[in-house]
Amino acid sequence: MNKILVTGGAGYIGSHTVVELAQAGYEPIIIDNFSNSQESALGGIQAILGREVPCHRIDCGDLEALRQVFKAEGNIAGVIHFAAFKAVGESVQKPLAYFHNNVGSLITLLQVMQEEGVENLVFSSSCTVYGVPDHLPVTEATPTKPASSPYGRTKQMCEDIVHDAAGAPDNKVHTILLRYFNPIGAHASAKIGELPLGVPNNLVPFITQTAAGLREKLTIFGNDYDTPDGTNVRDYIYVVDLAKAHIVAVQRLLDRKASEAVETFNVGTGHGNSVLEMVTTFEQASGQKLNYVIGPRRVGDVPAIYADVTKSTEVLEFRTTTSLLDALASAWKWQEALSKK
Ligand code: WQD
């Protein structure tokens, strides 16, 4: 079995990807320092798979510790690098922590991969690299724009670092950059899902917590945008579909199908939905009426962005298969499971 190291493997997207890797016949190994994830995710993964997935509790930015993991595991076929802080608002408050963690851990990882001769990397990038796009939908050729937050800048810097490292004469690492749009939902088993720490920054966990009575109401951040109903538009992708995109990317690297040392793919549904559409679709999916108000705009929000998925469909041969309704139903099922804990 091909051994795949998953950094941030106890996190939201990481844990779903670990499950899909194992069920697709790979041997996932988790690395996580639990700075932004919870140990309970390991139990959820085990409950789904019926076996424990090994986990190294280290910080990816710790060069010596990471070297030890690579040497202890040996014959690693590839790495999927999720480990990063990802809250836009928080990054404005703690920019140095974001640069140190997000950029530092990638540099350390690339260094150890080079030393240990591990040649395949899937990197978790983000649609934030597009900034406020001039045209929609965005393709991989859409120019990136100055990001509106330190978080977005760390993702842009990481993409540049991957490209520059690939250009070095002694480079042996092949990378696929996956630009995520907005991951939502939870595994159908409701044993793993999104576990926001504190007040959720993201829309869907705030919706489900409001419906569960944990929050009084949802505040929709502005309805005066130049969009069909005035609220922001995003490309919401079911987290298990997103996880499956990583399996396809890993196998593409193992098969050496890539024509270049670095390939970039948008990973979204190719459709945009507004915040109000998310509310009405959630109400339909859950049978719960949602209490919401319209509030002021949130600084840094992009009015509208969604993916052109032509390249992912034609080159990566990946497409999403889950409807927004089903993705939101899974988010509600997960919230109900959390409420019972
Ligand atoms: C979605 C929409 C808000 C909360 C961020 C990162 C992105 C990715 C996903 C990591 C926006 C509106 C939200 C609320 C609201 N992260 N909203 N009330 O900002 O599109 O993307 O998270 O990969 O990189 O930038 O996601 O879920 O925060 O917001 O009205 O209480 O919901 O204004 O339009 P966002 P989000």
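As the structure is a prediction and not an experimental result, all values here were calculated from the model. Remember, it's 1-based here, ligands and their atoms both numbered in the order they're listed.
Given atom 29 (O) of ligand 1, the protein heavy atom at minimum distance is Arg298 NH2, 3.2 Å. Looking at atom 24 (O) of ligand 1, its nearest protein heavy atom turns out to be Ser126 OG, 2.9 Å. For atom 17 (N) of ligand 1, the closest non-hydrogen atom of the protein is Phe221 CD1, 3.7 Å. Scanning the protein for heavy atoms near atom 20 (O) of ligand 1, the closest one is Arg234 NE, 2.6 Å. With respect to atom 36 (P) of ligand 1, the closest heavy atom belonging to the protein is Asn202 ND2, 3.4 Å. The shortest contact between atom 34 (O) of ligand 1 and any protein heavy atom is with Asn232 OD1, 2.7 Å. For atom 10 (C) of ligand 1, the closest heavy atom belonging to the protein is Tyr151 OH, 3.2 Å. Nearest protein heavy-atom contact of atom 21 (O) of ligand 1 is Asn182 ND2, 3.6 Å.
What you find for Tyr306 and Phe181 is that their closest heavy atoms are C-CE2, 3.8 Å. Val240 and His187 make their closest contact through CG2-CA, 4.1 Å (heavy atoms, listed as atom of the first residue, atom of the second, distance). Of all the heavy atoms in Ala188 and Lys333, the pair that sits closest is O-NZ, 2.6 Å.
Ring pair His246/Phe82: centre-to-centre distance below 6.0 Å.
Side-chain atoms of Asn120 come within 3.5 Å of backbone N or O of Ala77 as a donor-acceptor pair.
Every N/O-N/O distance between Leu218 and ligand 1 stays at or above 3.5 Å. At least one N or O atom of Leu203, backbone or side chain, sits closer than 3.5 Å to an N or O atom of ligand 1. Among the atoms of Tyr180, none of the N or O lies under 3.5 angstrom from an N or O of ligand 1.
Interface atoms of ligand 1 facing Ile220, defined by a heavy-atom separation under 4.0 Å, are 30 (O). Listed by number with element, the atoms of ligand 1 under 4.0 angstrom from any heavy atom of Val88 are 6 (C), 25 (O). Distances below 4.0 Å separate heavy atoms of Tyr236 from the following atoms of ligand 1: 1 (C), 2 (C). Heavy-atom proximity to Thr128, at under 4.0 Å, picks out these atoms of ligand 1: 24 (O), 25 (O).
In this structure, of Tyr225, Phe181, Phe85, Phe82, the residue bringing a heavy atom nearest to atom 8 (C) of ligand 1 is Phe181.
Using a 4.5 Å heavy-atom cutoff, the side chains of Ile30 and Ser15 are not in contact.
Remark: Asp301 engages Arg234 in a salt bridge, criterion side-chain N to carboxylate O under 4.0 Å.
Val309 and Leu136 are assigned to two separate hydrophobic clusters, defined by single-linkage of ILVMFWY side chains at heavy-atom distances under 4.5 Å.
Because its NZ or CZ atom is both nearer than 6.0 Å to the ring centre of Tyr225 and within 45° of the ring axis, Arg297 counts as a cation-pi partner of that residue.
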